[in-house]
Amino acid sequence: MRRLPTPLIAGALIMLALLVCALAPDVVAPYDPIAFDYANLLQPPSGAHWFGTDQFGRDILSRTLAASTIDLQIAAFATLGPLVIGTVIGLLVGYVGGVTDMLFGRLVDLVVTFPFLVLVIAIVAVLGPGLSNMYIAVSIVGWVFYARLLRAEVLVLRQQDFVGACRVMGYGHLRIALRHILPNAARPIIVYWMTDMALAILLGSSLGYLGLGAQPPTAEWGVLIADGKNYFTQAWWITLFPGVALVLAGLGFSLIGDGLADLLDVKR
Amino acid sequence: MNRLGMVGLRLLQILPTLVLIGVVAFVLVRLLPGDPVSNMLGDHATDATIARLQAQMGLDQPIWVQFLLFVRHAVQGDFGDSIAYHVPVARLIAERLPVTITLAALATLIAIGLAVPLAFISAVNADRWPDYLIRAVFQVGLSSPIFYVGLLLLTVFAAALRWFPVGGYGEGIGDHLYHLFLPAVALALSFSAVIMRSLRASILAVLTAEFVDFARSKGLSQRIILLRHVLRNALISTVTLIGLHMGSLLGGAVITESVFAVPGVGRLMVESIFARDYTVIQALTMALAVVVSLTFLATDLVQMWLDPRAAK
């Protein structure tokens, strides 16, 4: 058994802590995240409020913890669509080849021409702000990157002897593609999936900050930071702490991605 | 094929891309649920106003005629009028695109300025503490969203220390650059992390190449080897990387401009979303895609010039 890569362990520990907060925010949080407390407005960090309070006296620590649920949900939901669609299309294009592959190549060239964020924002603009429309927008664009990775792997595997052997055995195309090629081609997209979750959190919080993602009063790290931006001269803690959580989550996912790349021997 | 032919072929390849960019921009606005015109005008528009705007946008024509009209107008530089500003969209974009391009260029320079020396120090000290420290800092930089870094920079360098203005664009070139410095740093941070990662890997690869051993056996000094042989070769892949990341840089500019109130196309885009100014969103999406595809073209040409093997 090989030693687990350090980044993987570090990333997994960060994610484990965040996951506990995300699954049971009300158990971990000291206060009600949406309860106003007019006796304690804009309090700096103290023993009672570790991360301070905002302009309504809400506890920043509790709000940061409550937001972790939404942000981890964004990481999962915003990557699931692209992963599934990208896997199906990448497998198909790589396995069938020919004209499909050519068309796919043109499509990839086109999609990478649009700045990802700009295209997602434009689609969200048309569909309307909100998390579910963001998931749709990301799925429309994001699958291309998974499909491109998988296609490259499948193209190589298709030529290998074991696939030929499967054909000789009389296996159907679906069985060869799903049971024999996909498991051998999956490593790069699993690694990319982890990195993509970090990107999804960055994207979700950026849209939340701009007012295009999660809508207030939903606690989301980007929304919390946007809440605090008008107070940053006198109450820096409202923006600082949700941001630290955001950076930690991004770091956790990308460390897991790096560690897995190392463990699974995936070149990037 | 000779080099000139390659360049010509690459120039021709951009044409279908431009047409497809137009198709995407055209389809984008058609994704609007319901009628685009009533969406744009809101609930209080009269039927006459709706009909007039529909005719003005050619929405009473069949879809393929609409598309041809759209292409003809786009080729003539006519993208319609902004609903919010009541001026031609083309003029609005022409006024603001230079601001965004200056911001992106400044950010690229800062990113390169940060990444190149640090990638060098990191690669030369591979797997020792300076390498670990630099990589750890950049890893955090890569995980930090632009709007957060921007707000932190504002809090420290604009609000507390008062070294820089809190936002805006100022008057005159010097003042513009002064106003754009903090936004450019915020935009540059994650970009420099990407450059530094790739450059470090290429420097490590070049360091073990045979021609470096040869240079050493010729008795060249370490400094000359590193600058003239290692850095030059490692930079070739970095040029491609910078070109490929122009899209994410422009996407980042949308956020940066919103944080620092910079009057570029990114801020225009966000404002247009809340104003339901779909003609602006459509034209901007298209304009930014064209900028990116021109950057890809320029990158390919520079690549061919730097590395003749790429022109094959």
Side-chain angles (χ1 to χ4, degrees), chain A residues 7 10 106-107 109-129 136-137 140 195 198-199 201-212 221-222 225-226 228-229 232-234 236 239-240 242-244 246-255 258 268, chain B residues 13 16-18 20-21 23-25 28-33 36 39 139-140 142-149 151-152 154-156 159-160 166 190 244 246-255 258-259 266 269-270 272-274 276-278 281-282 284-286 288-293 296:
Chain A
R106 296 298 311 166
L107 186 67
D109 287 348
L110 179 65
V111 170
V112 296
T113 313
F114 287 90
F116 180 73
L117 188 71
V118 170
L119 194 51
V120 168
I121 286 184
I123 298 174
V124 168
V126 168
L127 297 176
I136 297 175
I140 293 177
T195 320
L199 295 176
I201 287 195
L202 291 190
L203 176 78
S205 61
S206 300
L207 290 189
Y209 175 81
L210 294 175
L212 298 170
W221 290 326
I225 292 170
K229 72 168 185 269
F232 71 81
T233 41
Q234 75 256 45
W236 47 268
T239 43
L240 183 78
V244 171
L246 187 49
V247 174
L248 266 182
L251 200 59
F253 281 120
S254 50
L255 283 175
D258 286 356
R268 288 197 287 180
Chain B
Q13 276 174 350
T17 311
L18 292 180
L20 287 172
I21 289 172
V23 174
V24 172
L28 187 71
V29 171
R30 274 23 182 218
L31 284 177
L32 274 174
N39 267 308
Q139 181 84 53
V140 173
L142 205 54
S143 311
S144 307
I146 290 169
F147 65 94
Y148 182 56
V149 175
L151 281 175
L152 291 184
L154 272 179
T155 312
V156 176
V166 265
S190 57
L244 286 177
M246 202 40 69
S248 52
L249 199 63
L250 288 174
V254 173
I255 297 167
S258 300
V259 174
M269 177 134 192
V270 175
S272 304
I273 292 171
F274 293 111
R276 296 172 163 232
D277 204 342
Y278 295 107
I281 296 169
Q282 183 181 43
L284 267 182
T285 311
M286 203 156 47
L288 290 174
V290 170
V291 170
V292 172
S293 59
F296 285 175

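Residue numbering restarts at 1 for every chain, and letters A, B, ... go by the order of the sequence lines.
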Considering non-hydrogen atoms only, spot the tightest contact between [X] and [Y] and give its length.
X: A:V244; Y: B:Y148; result: N-OH, 3.4 Å
X: B:F147; Y: A:L246; result: CZ-CD2, 3.8 Å
X: B:L142; Y: A:L202; result: O-CD1, 3.9 Å
X: A:V118; Y: B:M269; result: O-CE, 3.7 Å
X: B:L151; Y: A:Y209; result: CD1-CE1, 3.9 Å

Evaluation steps, side-chain contact (heavy atoms from CB on, under 4.5 Å), between B:Q13 and A:D109: CA-CA 11 Å; B:Q13 276 174 350; A:D109 287 348; over 6 Å; no

Region of [X] that comes under 4.5 Å of a non-hydrogen atom in chain B:
X: A:L210; value: both
X: A:V111; value: neither
X: A:I201; value: neither
X: A:V112; value: both

Rounded distance [0.5 Å steps], OG1 in A:T113 versus CG in B:L288: 12.0 Å

I'd like to know which of [options] tops the heavy-atom pair count under 4.5 Å against chain A.
options: B:T285, B:V166, B:V149, B:L244; result: B:T285
options: B:P16, B:A159, B:S144, B:A25; result: B:S144
options: B:G252, B:S258, B:S143, B:G251; result: B:S143
options: B:L28, B:V254, B:I255; result: B:L28
options: B:L284, B:I21, B:T17; result: B:I21
options: B:S272, B:S293, B:A160, B:A289; result: B:A289

So what's closer than 4.5 Å to chain A heavy atoms on [X]: side chain, backbone, both or neither?
X: B:V270; result: side chain
X: B:V259; result: both
X: B:I281; result: side chain
X: B:L154; result: both
X: B:L152; result: side chain

Top of [options] for chain B proximity - count of heavy-atom pairs under 4.5 angstrom:
options: A:A198, A:S206, A:G250; value: A:S206
options: A:L240, A:T239, A:I121; value: A:L240
options: A:P242, A:S205, A:A249; value: A:S205

Audit row: B:L250, A:F116, side-chain contact (heavy atoms from CB on, under 4.5 Å) steps and yes/no: CA-CA 9 Å; B:L250 288 174; A:F116 180 73; over 6 Å; no

Minimum side-chain heavy-atom gap B:F274-A:L212 below 4.5 Å: yes

